[in-house]
Engineer: 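One structure follows; several queries about it will come next.
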Amino acid sequence: MRGNTVKSQSIHPKITEVLTETFKVPAAEILPESTMDSLEMDSLAVAEFAVIIKETLGVAADSEKLYKDATLADISAFIDAAVGGEAAGSAVPVSNTR
């Protein structure tokens, strides 16, 4: 075990913090199965979210593919893998490709 458990536990709170403070999403709506669509985040908000995540955590991803269609659980897993030093470019399960 590489200590990713501690990192994993710190990713979801950061996502929650960004969504509640920057985008005013009610904390009660931020669930692992939530998507940006279900949180009523438009394309501009999703792009801004991606920039904030890149700036704060150093993780870059295609905002349209990852952040728009994936669940928050998928996003957390992707960020956790990238922060943990695993292949940041690896495929991420997307719940609803367009």
Side-chain angles (χ1 to χ4, degrees):
M1 188 173 278
R2 298 181 359 197
N4 281 350
T5 304
V6 172
K7 289 179 184 171
S8 179
Q9 292 172 350
S10 66
I11 299 300
H12 186 73
K14 183 63 182 173
I15 290 172
T16 300
E17 176 185 327
V18 170
L19 291 172
T20 57
E21 292 180 12
T22 304
F23 300 102
K24 307 303 181 212
V25 175
E29 294 179 19
I30 302 172
L31 305 170
E33 62 274 9
S34 298
T35 64
M36 293 297 179
D37 279 338
S38 72
L39 297 175
E40 299 182 13
M41 301 272 288
D42 64 16
S43 296
L44 183 59
V46 172
E48 186 178 351
F49 177 79
V51 169
I52 292 168
I53 293 299
K54 182 177 181 181
E55 289 175 352
T56 59
L57 298 173
V59 177
D62 178 353
S63 62
E64 275 304 306
K65 289 232 183 222
L66 174 61
Y67 295 119
K68 188 80 172 156
D69 296 328
T71 65
L72 293 182
D74 293 336
I75 294 168
S76 294
F78 172 81
I79 294 170
D80 184 48
V83 170
E86 295 177 21
S90 64
V92 176
V94 175
S95 62
N96 186 15
T97 57
R98 293 185 185 145

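Just so it is clear, the values below take in all heavy atoms, side chains as well, and ignore hydrogens, waters and symmetry mates. Just so we're clear, the structure is a prediction, and the values are computed from it rather than from any experiment. Residue numbers count from 1 along this sequence.
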Engineer: If you compare all heavy atoms of I75 against all heavy atoms of M36, which two are closest, and at what distance to 0.1 Å?
Structural biologist: CD1-CE, 4.2 Å
Engineer: About how many Å separate CG of L19 and NE2 of H12, when rounded to the nearest 0.5 Å?
Structural biologist: 9.0 Å
Engineer: Which distance, rounded to the nearest 0.5 Å, do you find between the CG of L72 and the CD1 of I11?
Structural biologist: 13.0 Å
Engineer: Contact between S38 and T35 at the side-chain level, heavy atoms closer than 4.5 Å - yes or no?
Structural biologist: yes
Engineer: Might you point out which heavy atoms bring S76 and I15 nearest each other, and give the distance in Å?
Structural biologist: OG-CD1, 3.4 Å
Engineer: Looking at T20 and V25, what are the two nearest heavy atoms and their distance?
Structural biologist: CG2-O, 3.2 Å
Engineer: So F23 and I52, do their side chains get closer than 4.5 Å, heavy atoms only?
Structural biologist: yes
Engineer: I'd like to check the salt bridge (charged side-chain N to carboxylate O under 4.0 Å, His left out) partners of K14; sequence neighbours left out, ordered by chain and number.
Structural biologist: E17
Engineer: Under 3.5 Å, sequence neighbours excluded: what are the donor-acceptor pairs made by side chains of residues 27-34?
Structural biologist:
from, atom 1, to, atom 2, distance (Å)
S34, OG, E29, O, 2.8
S34, OG, L31, N, 3.1
S34, OG, L31, O, 3.3

Engineer: With rounding to the nearest 0.5 angstrom, report the CD1 to CD1 distance, I79 to I53.
Structural biologist: 4.5 Å
Engineer: Less than 4.5 Å apart, any side-chain heavy atom of T22 and any of F49?
Structural biologist: no
